[in-house]
Student: 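Supplied in C-alpha cells, the structure appears directly below.
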2 protein chains.
Amino acid sequence: MPAATPPEVDDVDRAIVAALVADGRTSFTDLGRQVGLPTSTVHQRVRRLEQRGVLKGYTAVVDHEALGLPLSAIVSVTPFDPAAPDDVPERLARVAEVESCWSVAGEESYVLLVRTATPGRLEEVLAEIRTTGSVATRTTVILSTPFEGRPPSRS
Amino acid sequence: MPAATPPEVDDVDRAIVAALVADGRTSFTDLGRQVGLPTSTVHQRVRRLEQRGVLKGYTAVVDHEALGLPLSAIVSVTPFDPAAPDDVPERLARVAEVESCWSVAGEESYVLLVRTATPGRLEEVLAEIRTTGSVATRTTVILSTPFEGRPPSRS
DNA sequence: GATGAAAGCCATATTGG
DNA sequence: CCAATATGGCTTTCATC
C-alpha cells in the first residue's frame, strides 16, 4: 500500500486548470459556466488546487521584445569543480537576466534561459554567469519563438 | 530619423508589468497602490499595454508534477532535409506535449521543451516528433527545476 | 464535497477637469 | 493623466444539504 493518499485531481479540476492556463484572469463565474458548476463550488476547488500547489500562481505573459529584451539565449552550464558543493542555482539566481534554470541529465549540469537587451549585455551576463557560478558556458542564441508555454496536456 | 516612433514603455509601465508578472490576478486597485497611481490611470495603462502587445495575456502557473506530467525534457531538433520548406514548428505544434519551440542558431535548428507523464510516453512523443517533424532529435532529461519563468528585468 | 443566497468589493465606462 | 461617480458583475463567506 502507498505511504500516503494524495488527494486526486479529477477531470473537473483539470478543466479548471486548463481554463486558467488559457486565461489566468478568468472569473470564477466564467469558470463555473465553462465547467458546468456553480461559482461557489469552482471557487472552493480553485482554492484547494492552490493550497495543494497544483496551481502555483498566476502571471502575465509579456512580449520580451516590446519590453526591451529582444535577445534570448539557451545557456548550457558545466561547473568547473564537480566536487564542490552545488549551490550553482542559488548563485545564478542572483543574475536577473536568468529567467529559468533547469538541472539536467547529460554532459552539462544545468540549462538556463536568458533574456537580454543587446548582444553586448548578453556578453556581460555570460561573464557574470561564469564568475558567480564558477561554471563554463555553451550558448545557443534564440532566433525566434514559434510558440512558448502552451497549456499542459496529457493527450 | 527613425521611420516610426513606437510608443514608449516607461518606468511606470515596467512597474505595472512587473507587478502583473508577479501576480497576474492583481486587481487594478492594488496595482494603483503598488505603483502610486489612481485606479483609472492604471486601468488605462494596462489596456494600452495589452493593445500594444506588451502584455500578451495572463496564465496560471501549474505544478507539472501535481498535474501528472512529472517528466520534462529539452529536445534539440535537426531537420532531415535542410532544403525542404521549413514548416517544422507548425507540424510540431500538433504534438500536445511540446510546450515550447524555439528556433535557434547553431548546430541544431530548434529546441523544444517537452512535458510527459512517463518515460514510456516520452519515448512515444519523441517518435512522434521525429516522424511528424521529419527531424532527428537529441534529448536532455530535466532532473529538477531550481527556478523557472522569473520576471523579466533589464538590470 | 456541492449548493444558493447575501454582502461587500471590484471592474468598467463615462464625464469632466 | 487624474478625479468622481454609478452600476453591473464578481468574489467571498456561510449556512445547508
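We name chains A, B, ... by the order of the sequence lines, and we start the count at 1 in each one. Scope of the values below: all heavy atoms of this structure, side chains included, with no hydrogens, waters or symmetry mates.
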Student: Output yes when at least one side-chain N/O atom of A:R45 is less than 4.0 Å from OP1 or OP2 of C:dT3, else no.
Tutor: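 Result: no.
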Student: For A:R25 and D:dG9, what is the distance between atoms CZ and C1' respectively, to the nearest whole Å?
Tutor: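 Checked: the CZ to C1' distance equals 15 Å.
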Student: D:dT11 P sits how many Å from A:L37 CG, rounded?
Tutor: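 Taking CG of A:L37 and P of D:dT11, I get 15 Å after rounding.
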Student: From B:L112 CG over to B:E99 CD, what is the distance, rounded to the nearest 0.5 angstrom?
Tutor: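 Reported to 0.5 Å precision, the distance equals 11.0 Å.
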Student: Figure out the CG/P separation between B:L31 and D:dC1, and round it to whole Å.
Tutor: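 Taking CG of B:L31 and P of D:dC1, I get 15 Å after rounding.
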Student: If you measure from OG1 on B:T145 to NE2 on B:H64, what distance do you get to the nearest 0.5 Å?
Tutor: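 Going from OG1 on B:T145 over to NE2 on B:H64, the span is 9.0 Å.
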Student: Tell me, for nucleotides 12-17 of chain D in 5' to 3' order, what letter each nucleotide earns: B for a base near a protein heavy atom under 4.0 Å, S for only sugar-phosphate near one, - for neither?
Tutor: BB----
Student: So which nucleotide from D:dC10, C:dA2, D:dC2 ends up closest to the side chain of A:R33?
Tutor: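 Ranking D:dC10, C:dA2, D:dC2 by closest atom to the A:R33 side chain puts D:dC10 first.
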Student: Would you kindly check if the NZ (Lys) or CZ (Arg) of B:R25 is within the cone defined by 45 degrees around the ring axis of A:F28 and under 6.0 Å from the six-membered ring centre?
Tutor: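 B:R25 over A:F28 ring: yes.
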Student: Please determine whether a side-chain nitrogen of the Lys or Arg among A:E8 and A:R14 lies less than 4.0 Å from a carboxylate oxygen of the Asp or Glu.
Tutor: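 A salt bridge is absent here (no side-chain N lies under 4.0 Å from a carboxylate O).
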Student: Looking at B:R94 and B:E128, is any side-chain nitrogen of the basic one under 4.0 Å from a carboxylate oxygen of the acidic one?
Tutor: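 Salt bridge absent between B:E128 and B:R94.
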Student: May I ask whether B:L69 and B:L113 are part of the same hydrophobic cluster, defined by side-chain heavy atoms of I, L, V, M, F, W, Y residues being less than 4.5 angstrom apart, directly or through others?
Tutor: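 B:L69 does not cluster with B:L113.
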Student: Mind checking if B:T29 touches a base, just sugar-phosphate, or nothing, with heavy atoms under 4.0 Å?
Tutor: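 B:T29: backbone/sugar contact only, no base atoms under 4.0 Å.
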Student: Check every atom of C:dG1, D:dC1, C:dT3 against the side chain of A:R48 and return the nucleotide holding the closest atom.
Tutor: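 Nearest to the side chain of A:R48 among the choices is C:dG1.
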Student: Can you figure out which of D:dC2, D:dT11, C:dA11 approaches the side chain of B:S27 most closely?
Tutor: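 Looking only at heavy atoms from C-beta outward on B:S27, the closest nucleotide is C:dA11.
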